[in-house]
Every structure is written in structure tokens, then in C-alpha cells.
Amino acid sequence: MERAELAGWLRLSLTPGIGDGAARRLLAAFGLPDGIFAQPPAALREVVSSAQAEALLQPPPGLQAQIDQTWQWLQAADGGVSRRIVTLGDSGYPASLLEMADPPLMLYVLGAADFDLTQLGHSIAVVGSRNPTPQGATNARSFARALGEAGLPVVSGLALGVDGAAHQGALDATGDVPRLATVAVVGTGLDRVYPARHRDLAHRITLQGLIVSELPLGTPPLTQNFPKRNRLIAGLARGTLVVEAALQSGSLITARLTSEQGKEVFAIPGSIHSPQSRGCHALIRQGAKLVESVNDILEELPPLQPRAAAAPTSGNGSTAAVATDEDPLLEALGHDPVSLDALSARTGWSAAALQAKMLELELDGHIARLPGGLFQRTAIG
């Protein structure tokens, strides 16, 4: 992208009162931004309001500083990580976003140069609570890894909790294979990482995936930007898996937007005693597909590329060894949270033997350690 072209797009996107809808009408009428700003006021008023036409006649405050900052960001070398801006007029603009009612004018993209957003035609979004249960975090990572092993890139929002676990699972699946593992759609400018504790994770994503934002550089983490971000998560992917969510979770916004776009919504059920399961249960009652294993997703959204041969998979698609219902400890554990004392009473095992076996099952991903000294089976247990 040339500097003059960048300046035109930034001026259009930053002009006060010109939202994405008005900007798209102007682009349809006059072509690229340079064509818009060459129009006389009378021509502009045929497409937008008089106030909007007046605003277009003057460069917005701070435009030159934004152009300089963005141009410097694009030119900066960063260890082989590519920095790009994809506009609504580019051939590399993701086709799935064009099907949305409000596609963004500009997408800022940070990541490996060989990866582009057109590769997202067979991805799946994995979202959920910022405060998941230990089992929820384990499920997010395990399902994302299994989806990655099946050849599906994972889209999420880089938030704490389920989002971060999903990105990590997708990266685990890729290893050193040079393919798009995961895409993080963020609610800030790409010159900052939010939350800050995900700085290392963000760096890993730029090497094996992409970080995407529609927001100008310098944009801080403002509350109103995250629901907007959620529509892009839904728009980029073929479907959305909700791992855990409370009834007021932002993940339910993503699920609703996914459904409104005519795409599949999947939800993992949980304990009836957990508030973090209620959002998923509500989605299932509304028609989302109940998911117990990764195959429940793959039968609806098969990979566009052949699935690589893999070791026998467990219930959630990971390659961990499968523990069957015949395992006496899992049978005694059941499917609700339970304490070690209760397990000892059920099994008659000594405390030392019980703790050793529980640690083994926990490391294999078959059980999750919950607050209060409780344990519960995971989706693969």
C-alpha cells in the first residue's frame, strides 16, 4: 500500500460522522477514497447527509499524526512478522466479511507473511468465559488442538480464559508445520497487546497465525469496541463453538451473530451446578448443536483439506490415551464434582494411592482440578 492510498483510507475511516455504512455508500458511488474527496459538496450530498458532506470537506483532527504513525508501523521490521492493511477494495479482503451487513473498511493484520485472511474459509471460532472453570479451560485447549489437528484454523479474541486457551491449543496442534494455526481478533489497535499478560501468546500467534483489528493504531481497550470485535470473530469463521459462558457473557453475542449470519453454533454442556454452563445450556435450548466430541463439529464443518493421519483420538479429539468407563477410579468419580475424601470412601483406596492415580489422570487430561479441593471428569474422561 502506498502512503497516499493509506492517507485516503485513513481520512475516510476517521472522518467524524462517517460510519462504515456511509463510507460504503460513498465508495460504491465514487470509487476509491481519492475519488470521494475529489467530489464537490453537491455530489456528496446526493449520497450522504449535508452534515456528513460538510465533514468530508475537511481533514479530520489528528489525521496527519495518524498517517505518520500508521506508515511507520507498516514499515517497521519485526523479526520477519508481516504488517499489512487490507481494505474493502483489496482482493485479499476475506469474502466471508463481505457477506456481513457491516464489514469494516480497513483490517490491520499482524502475522506471518505467508498467511492471509482468504485462508479462513474453513476456520471455526472458539469462544467462552474469561473466568472459566479449570475443566472449561482444559476443554477449550483440547478442542482447539483437536480442531487444529483436523486442519481447521481457530479464530478467537485473545481474551483471558477460554480465548487464550483456544489459541494455545491451536498452536499446540500446528507445532512446526507452516500453516495458519489461529487468528486473534482484538478490540484494540495492533500497537498494543490486551490483556498485557498475553504478550508472549500474541508473539507466538504472529509466528504461526494472525492478529487482526479494524481499529486504528493507538486505540485503547474500550468497552464498546469488544462487541464490535465479536462480529468479526463470527464473520471470519464458518461456525462458532462456545465452551463455557454465563448468561450475560459476550460469547453469547458472538453466538447470536453467528446464527444471524446463517452459520453453525455449537455448545459444550456442563454441570447444572455451574453458572459458567448456563449460557451454553441456553444456546442448546435455542438450537445450538450439543457437542461432546470434536467429531460432533467435524460432521457439520468438515475440513476443506484431508485430515492428517493421527493416533487414536479421545472423546474430544486429542491424542491422549483414552481412559474407558471400566477405569475403576473414573467409574467411582462419576460426572459431578467430588472430593478426595468422598472418592476414598467410594473406592477404599489409601490416600497415597488415590492421590497418585488422580495426578496421573489429571496430567492425561481426563480429570480437572476445581476450586475447593474438588475434581471432575473432563469431556475425555
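Residues take their numbers from the sequence shown, with the count starting at 1.
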Does atom OH (Tyr93) have a neighbourhood of more than 12 heavy atoms from anything else shown, all under 6.0 Å?
yes
Which pair of non-hydrogen atoms, one from Leu283 and one from Ala267, has the smallest distance, and what is that distance?
CB-CB, 4.3 Å
Indicate yes or no: does Lys263 engage Glu99 in a salt bridge with an N to O separation below 4.0 Å.
no
Counting heavy atoms not belonging to Gln224, are there more than 12 under 6.0 Å from its CD?
yes
Gln58 atom CD, over 12 foreign heavy atoms within 6.0 Å:
no
Going by chain and number, the hydrophobic cluster around Ile253 (ILVMFWY, side chain to side chain under 4.5 Å) further includes Leu257
CG-CD distance between Leu247 and Gln276, expressed to the nearest 0.5 angstrom:
10.0 Å
Is the CZ atom of Arg256 crowded by more than 12 outside heavy atoms at less than 6.0 Å?
yes
CG on Leu190 to CD on Glu214, rounded to 0.5 Å:
11.0 Å
Would you mind writing out the side-chain donor-acceptor pairs for residues 44-53 within the sub-3.5 Å range, not counting sequence neighbours?
residue, atom, partner, partner atom, Å
Ser49, OG, Gln52, N, 3.1
Ser49, OG, Gln52, OE1, 3.3
Gln52, OE1, Ser49, N, 3.0
Gln52, NE2, Gly17, O, 3.0

Is Leu107 reachable from Phe226 through a run of I, L, V, M, F, W or Y residues, each pair having side-chain heavy atoms under 4.5 Å apart?
no
List the steps, then state whether side chain to side chain donor-acceptor pair (under 3.5 Å) holds for Asp90 with Thr87.
CA-CA 5 Å; Asp90 290 345; Thr87 69; 3.2 Å; yes
Tested for side-chain contact (heavy atoms from CB on, under 4.5 Å) against Ile268, the lone hit among Ile284, Leu290, Leu241, Val242 is Leu241
Tell me, please, which residues at least two apart from Arg3 pass side chain to side chain donor-acceptor pair (under 3.5 Å).
Asp68
Indicate the atoms forming the closest heavy-atom contact of Leu117 with Gly92, along with that distance.
CB-O, 4.3 Å
